[in-house]
Amino acid sequence: MSAAQVPDGRALFMRPDKGNCIACHRLPGGTGPATKSDIGPPLDGARLKGWDSDKLRALLVDPTRMVPDTVKPPYGRHRILEAAEIDRLVEFLRALP
Amino acid sequence: MRFPEILALALFACVPVAHAGAGAVRADIAARLAAAHPGVAPADYALGAAAFDDERRAQLEANTPAPEAAAILAEGKRLWTRKFRNGRSLAQCFPNGGRRIAAAYPQLDAKSKRLVTLETAVNQCLRSHGEPILEAADAAAMGAVLAYVRSLAEGQKIAVRIATPLAEERFEQGRRLYFTRMGQQNYACASCHVHNAGKHFGDTALPAAPGAASRWPFVREGRAISLQSQVRECLERMGAAPFPAGSDELSQIDYFLTALATGQPIKPNAWRPR
């Protein structure tokens with residue numbers, strides 16, 4: 001997949017066949033659809049304060065390394081997302097208000 | 001690594017907590033759910049997502065009985081009473097024409113030591129009379145038969161009791177499958193229906209495990225969806241290759257879930273949206 005073919009982070013966050021993060025996490029108003037999702041914490045700039053790109057990337061690649069009993073899917077380890085897609089998601093998350 | 005291999009690895013590598021017996025497992029799951037949702041009556045878990053969502057509950061009540069249930073039941077009755085080539089019928093294979101039998105399934109067959117689900121029992125009857133069997137995953141035929149025979153047990157309380165070492169073993173096999181992470185998403189069935197029951201996946205509340213076995217089949221888009229079909233759909237969503245329809249693994253999960261629902265009344269053929 002070339003860089004131009006990688007969907008943007010917002011799309012990856014929403015797409016059921018990709019991250020589908022929106023199923024578990026709510027987003028700040030105006031950054032995505034309003035949902036009742038509450039399996040994971042709501043995500044916003046305050047919540048993600050202190051999460052630099054490396055730490056976020058590591059979490060998305062294999063969250064079970066940080067939290068062994070998490071239900072968060074291992075997006076990298078199980079090849080749900082490619083490395084470039086994880087990078088796009090990290091950019092999206094770090095830009096949340 | 002392909003995902004069937006990942007699934008196999010997960011099954012071996014992700015061993016759930018030690019088994020404490022069916023009674024203790026039931027009590028533990030009930031206690032977890034009661035602590036997480038003190039305002040929800042355990043009897044309401046059978047409503048599925050609607051137990052945790054007033055709007056969904058109102059939709060369910062507005063669609064009771066399910067609009068397409070009558071047609072499904074008519075087809076199920078036709079298949080149940082249809083004469084075989086030898087003049088017999090499914091109805092004649094079961095006591096009282098099949099009335100009030102459903103609450104005792106799955107059963108453990110002491111001779112073969114295998115679980116007999118309602119689907120298995122239907123097919124055993126067909127096979128013994130030289131008739132073609134029904135595919136367990138065929139909603140149009142098997143689904144309709146299940147809808148009808150379970151309607152003949154409407155209100156009967158589920159009575160699957162785990163009273164022998166072999167029954168405990170089968171229950172434990174079902175429990176292990178239910179609590180084992182599998183597939184690309186790395187979920188276990190219990191991740192959603194025990195540990196996060198009542199929370200929202202998108203806008204849908206996650207149904208609780210003890211409510212799964214009393215209301216099936218449910219009616220969705222005109223089709224009767226059995227418990228085993230529902231489990232197979234979940235496995236697909238988890239990114240796992242579903243256990244084959246009619247497999248021992250699905251029978252064990254069916255047995256585990258039905259044992260969790262012991263004492264609940266059978267209320268099949270409720271409406272459910274996609």
Side-chain angles (χ1 to χ4, degrees), chain A residues 1 7 10-29 31-44 47 56-86 89 92, chain B residues 1-11 13-17 32 36-37 49-57 178-209 233-241 274:
Chain A
M1 190 182 291
R10 187 178 181 282
L12 291 162
F13 193 94
M14 310 299 170
R15 277 175 53 173
D17 62 326
K18 292 290 186 180
N20 201 21
C21 318
I22 192 67
C24 293
H25 300 281
R26 289 197 297 273
L27 286 174
T31 60
T35 65
K36 297 179 181 174
S37 316
D38 58 359
I39 295 170
L43 299 177
D44 56 29
R47 172 84 197 181
L56 272 176
R57 191 179 297 109
L59 179 74
L60 294 172
V61 167
D62 187 1
T64 64
R65 291 175 74 94
M66 290 185 202
V67 187
D69 62 351
T70 184
V71 295
K72 191 182 193 70
Y75 291 105
R77 180 164 62 87
H78 276 197
R79 299 180 195 167
I80 300 167
L81 298 175
E82 295 182 14
E85 293 176 320
I86 289 175
L89 257 184
F92 172 73
Chain B
M1 188 181 290
R2 290 179 301 114
F3 280 96
E5 291 163 335
I6 288 176
L7 168 61
L9 269 182
L11 282 169
C14 191
V15 179
V17 292
R32 277 173 187 262
H37 300 283
F52 305 99
D53 183 332
D54 290 342
E55 191 179 330
R56 178 96 161 210
R57 194 168 181 146
Y178 202 79
F179 277 81
T180 297
R181 289 170 183 263
M182 50 185 93
Q184 193 175 27
Q185 303 291 330
N186 202 40
Y187 302 147
C189 305
S191 301
C192 289
H193 302 298
V194 177
H195 300 119
N196 286 290
K199 291 188 177 177
H200 293 82
F201 189 81
D203 287 337
T204 304
L206 294 168
E233 286 181 13
C234 275
L235 288 165
E236 283 182 11
R237 277 198 290 271
M238 289 155 65
R274 180 167 280 281

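The chains referred to below are lettered A, B, ... by the order of the sequence lines, with proteins before strands, and numbering in each begins at 1. Here the structure is a predicted model, which means the values were calculated and not measured.
For A/T64, the part lying near chain B is the side chain, with the backbone staying farther off; criterion is any non-hydrogen pair under 4.5 Å.
B/D203 approaches A/T35 most closely through the heavy-atom pair OD1-CA, 3.4 Å. Here the closest non-hydrogen pair linking A/P74 and B/Q185 is CD-O, 4.0 Å.
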Show the numbers, then the answer: is there a side-chain contact (heavy atoms from CB on, under 4.5 Å) between B/N186 and A/H78? CA-CA 8 Å; B/N186 202 40; A/H78 276 197; 4.0 Å; yes
Could you go through the side-chain contact (heavy atoms from CB on, under 4.5 Å) check for B/F201 and A/S37 one step at a time? CA-CA 5 Å; B/F201 189 81; A/S37 316; over 6 Å; no
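Within the 3.5 Å criterion, the main-chain N or O of B/Q184 finds no donor-acceptor partner in the side chain of A/R79.
Other residues, nucleotides and ligands contribute only 12 or fewer heavy atoms inside 6.0 Å of the CZ atom of A/R65. Within a 6.0 Å radius of CG in A/D17, more than 12 heavy atoms belonging to other residues, nucleotides or ligands are found.
Interface residues of residues 188-195 of chain B toward chain A, defined by a heavy-atom distance below 4.5 Å and sorted by number: B/S191.
When each of A/P73, A/P16, A/A23 is scored by its heavy-atom pairs under 4.5 Å with chain B, the top score falls to A/A23.
Once rounded to the nearest 0.5 Å, the distance linking CZ of B/R181 with CG of A/D69 reads 7.0 Å.
Screening residues 31-44 of chain A for salt bridge (charged side-chain N to carboxylate O under 4.0 Å, His left out), with sequence neighbours left out, gives A/K36-B/D53.
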